[in-house]
Amino acid sequence: MKFQRPRGTRDFYPEAMATRNWIVDQWRRVSLRNGFEEYDGPIFELLDLYRDKSGDEIVSELFHFTSRGGDAFAIRPEMTPTLARMVAAQAQGLPKPVKWFSIPRLCRAERPQRGRLREFFQWNIDILGEDGVLADAECILVAADFFRQVGLSDQQFVIKVNSRALLAAILEKADVRPDRFHAVYAVLDKRDKLDAGAFEKMVEELKLPGEQRDLLISLGEAKGSSGLEDLRGAVEGHAGAEERYEEIRRLFELLETMGASACCRFDMGVVRGLAYYTGVVFEAFGTGGLQRAICGGGRYGQLLKKVGGPPMSGTGFATSDVVIEDVLRELDMIPVYVSAIDIFVIDASPEVFDDVIRLTTQLRAKDHAATFSYKRQGVGKQLKQASAKHARRVVIVDEKMRTERVVSLKDMASGVQTEVSIDSLLADPFQSAAP
RNA sequence: GUGGGCGUAGCUCAGUUGGUGGAGCACCAGGUUGUGGUCCUGGGGGUCGCGGGUUCAAGUCCCGUCGCUCACCCCA
């Protein structure tokens with residue numbers, strides 16, 4: 001082959017395309033029924049939009065180019081900057097809260113590996129203009145709704161929820177130096193990937209004073225409702241920490257009311273690397289073989305200000321089609337491919353082929369996906385083709401179409417075949433076969 | 001950026017101590033002269049990723065290179 005596919009991209013042949021469409025359809029369906037509106041933006045943005053948010057080092061991870069006019073652009077690697085830009089531009093006039101979703105195609109110039117390609121589709125759910133945890137709860141609920149929608153039981157996935165604000169307040173109360181927060185976050189975020197010994201070793205390497213070290217190790221243990229309960233002591237007497245604690249307690253109360261508590265769990269080990277998260281953070285995991293996060297998000301407080309907008313806070317999450325397909329395939333939950341052919345029209349003999357074309361055209365006019373064989377062969381061969389195309393129904397046309405206006409209608413799944421009038425066929429090609 | 005694994009037909013792969021490259025599936029064409037998804041026969045298709053070396057002889061051994069893949073780093 002002279003040309004091959006660029007690294008980290010995919011060709012969507014019909015079967016793969018059907019899978020992609022199915023995933024996207026589920027995303028859209030769940031978004032809409034939870035009251036979110038769809039938006040989209042340009043596939044490339046000014047490079048500085050990403051540089052301002054994430055710093056210079058981001059540029060090497062972007063596909064970027066310079067226009068003839070000298071402007072530097074980048075193909076979008078994520079949707080949040082575009083969202084922030086769009087909301088900031090209209091912030092005054094938009095009814096709050098803004099509940100929007102998008103399914104953008106994104107590109108990142110990183111080295112591909114399992115679950116991470118250079119081009120992929122991402123589902124973004126965001127709520128802006130509402131500071132309370134109700135918005136966070138609703139985002140988490142949407143994620144849970146999706147996993148349930150595609151057939152996962154509450155035992156097959158878990159959404160781990162934490163509050164960075166609470167964590168920061170606890171660290172502040174314990175007099176951890178603010179410049180050490182980021183290092184502490186990084187260690188805590190690795191907690192679930194390490195055994196207890198390796199975790200403690202990493203904590204030791206931070207060289208924190210004894211009390212702070214013990215606190216950090218106990219934070220790594222804080223999981224589930226009892227883990228949240230255990231933190232009560234760590235927040236008492238500190239107004240900010242108590243307030244944050246009450247927030248996340250209320251969040252879990254809301255999740256309970258929404259019927260999502262069975263798949264949600266408090267976990268201090270979820271911090272997420274993103275510098276811009278300021279409040280609630282969460283990540284979803286499959287409980288089977290794949291231990292990787294399959295979806296993640298949280299509250300971002302200052303993002304709109306970064307793109308020149310008002311100090312409006314937002315909360316949301318994202319997940320990619322690559323990871324979703326991975327985890328659903330592992331659980332054998334991707335629907336089998338069925339082609340879009342409703343009716344395959346066959347001639348009983350070459351003389352009636354013009355009638356086949358005529359009937360096919362009429363079926364198409366009724367908005368049915370209908371087709372026929374290009375080759376004039378026996379009925380058996382044409383049925384074979386219909387079968388290969390996964391046609392649901394086959395219509396066999398013979399001279400009786402002219403003399404009596406009837407044809408044979410065959411249900412390919414059951415094999416049942418009946419004679420029907422052309423009028424009744426056009427009215428309903430999927431009519432159940434008369435006994 | 002670092003490290004491991006793998007490159008043979010469209011796909012999945014076999015290929016013996018080096019001796020003129022195969023199978024299954026898929027595709028195409030025929031057969032049963034009005035009934036498929038499970039029949040039979042035949043066919044097309046590969047400079048064995050690419051380049052160099054050793055050898056009378058390389059898919060096989062050696063070196064280089066490119067590509068794919070997995071993990072790490074990173075993760076918006």
Side-chain angles (χ1 to χ4, degrees), chain A residues 1-11 13 15 45 47 49-62 74-84 104 106-118 120 122 124 186 189-190 193 271-277 283 291-293 296-298 300 303 306-307 316-320 322-323 326 336 338-339 341 344 346-352 373-400 407-419:
Chain A
M1 263 310 182
K2 190 172 174 188
F3 298 109
Q4 67 178 41
R5 199 171 68 233
R7 179 206 299 266
T9 63
R10 291 167 290 175
D11 291 326
Y13 289 90
E15 196 167 344
E45 293 270 9
L47 178 60
L49 178 64
Y50 304 112
R51 204 176 352 225
D52 283 6
K53 181 196 165 208
S54 308
D56 278 335
E57 61 279 12
I58 203 69
V59 176
S60 63
E61 306 278 310
L62 298 176
I75 300 176
R76 62 188 178 189
E78 58 166 329
M79 199 58 184
T80 310
T82 298
L83 170 69
L106 307 176
C107 291
R108 298 178 182 179
E110 62 187 354
R111 204 150 171 171
Q113 56 180 289
R114 182 155 191 210
R116 283 170 63 176
L117 300 177
R118 293 184 139 191
F120 55 95
Q122 200 186 53
N124 282 251
D189 199 48
K190 286 219 162 46
K193 290 167 197 143
V271 186
R272 295 183 60 73
L274 288 70
Y276 66 78
Y277 283 124
E283 281 180 342
Q291 291 296 325
R292 195 181 45 237
Y300 41 91
L303 202 57
K306 278 204 168 184
V307 297
F317 72 84
T319 187
S320 87
V322 184
V323 171
D326 237 24
V336 294
V338 285
S339 93
I341 301 295
F344 200 101
I346 284 176
D347 66 84
S349 61
E351 299 81 62
V352 299
S373 172
Y374 276 27
K375 277 173 302 204
R376 308 283 45 87
Q377 303 182 112
V379 171
K381 283 281 198 267
Q382 293 184 71
L383 270 165
K384 211 182 186 82
Q385 281 192 55
S387 198
K389 294 278 180 206
H390 302 99
R392 295 166 65 191
R393 296 287 189 277
V394 160
V395 169
I396 302 172
V397 171
D398 58 19
E399 56 288 344
K400 279 163 94 178
V407 292
S408 294
L409 175 63
K410 184 182 174 89
D411 179 330
M412 291 299 274
S414 67
V416 175
Q417 185 173 327
T418 50
E419 205 162 70

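Sequence lines set the chain letters: A, B, ... in the order given, protein chains first and strands last, and positions in each chain run from 1.
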Proximal nucleotide (of B/C73, B/U35, B/C75) relative to the A/Arg108 side chain:
B/C75

Suppose you measure atom P in B/G59 against the same atom in B/U54; what distance do you get, rounded to whole Å?
16 Å

Looking only at atom P, what distance separates B/G53 and B/G46, rounded to whole Å?
26 Å

Can you measure A/Arg7 atom CZ to B/U69 atom P for me and round it to whole angstrom units?
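Spelled out: CZ on A/Arg7 to P on B/U69 is 8 Å.
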
Minimum-distance nucleotide to A/Ser387 side chain [options: B/C74, B/G37, B/U35]
B/G37

Out of B/C70, B/C74, B/G36, which nucleotide sits closest to the side chain of A/Arg114?
B/C70

Over how many whole Å does the gap from A/Lys384 atom NZ to B/U32 atom P extend?
14 Å

What about A/Gln382: does its side chain form a donor-acceptor pair under 3.5 Å with the base of B/U35?
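No.
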
What integer distance in Å separates A/Phe344:CZ from B/G37:P?
14 Å

Look at all strands and tell whether A/Gln385 reaches a base, only sugar-phosphate, or nothing, counting heavy atoms closer than 4.0 Å.
nothing

To the nearest angstrom, how far is A/Tyr13 atom OH from B/A26 atom C1'?
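Between C1' of B/A26 and OH of A/Tyr13: 14 Å.
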
For B/U32 and B/U60, measure between their P atoms and round to the nearest Å.
48 Å

For the pair made of CD in A/Glu110 and C1' in B/C73, what is the distance, rounded to whole Å?
11 Å

Side chain of A/Glu399 only, please: which of B/C75, B/G34, B/G31 is the nearest?
B/G34

Measure CZ/A/Arg111 against P/B/C72 and give the value in whole Å, please.
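Rounded to whole Å, this separation is 13 Å.
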
In terms of side-chain heavy atoms of A/Gln4, which of B/G31, B/G67, B/G34 is nearest?
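Closest of the options to the side chain of A/Gln4: B/G67.
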
Rounded to whole angstrom units, what separation is found between the NZ atom of A/Lys375 and the C1' atom of B/C28?
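From A/Lys375 NZ to B/C28 C1': 8 Å.
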
Can any side-chain N or O of A/Asp411 pair as donor or acceptor with the backbone N or O of A/Ala413 at less than 3.5 Å?
yes

What stems show up for RNA chain B when you take Watson-Crick pairs (N1-N3 plus N6-O4 or O6-N4) and G-U wobbles (N1-O2, O6-N3), both under 3.5 Å, and require three or more consecutive pairs?
B:1-7 with B:66-72, B:10-13 with B:22-25, B:27-31 with B:39-43, B:49-53 with B:61-65

Could you work out the separation of B/G64 and B/A26 based on their P atoms and round it to a whole Å?
42 Å

Please determine whether any donor N or O and acceptor N or O are separated by less than 3.5 Å between the side chain of A/Arg5 and the base of B/C68.
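Check fails, no donor-acceptor contact within cut-off.
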
Taking the P atom in each of B/G31 and B/A14, what is the distance between them to the nearest angstrom?
38 Å

Please give, in whole Å, the distance from B/C68 P to A/Asp11 CG?
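One finds 13 Å between P of B/C68 and CG of A/Asp11, rounded.
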
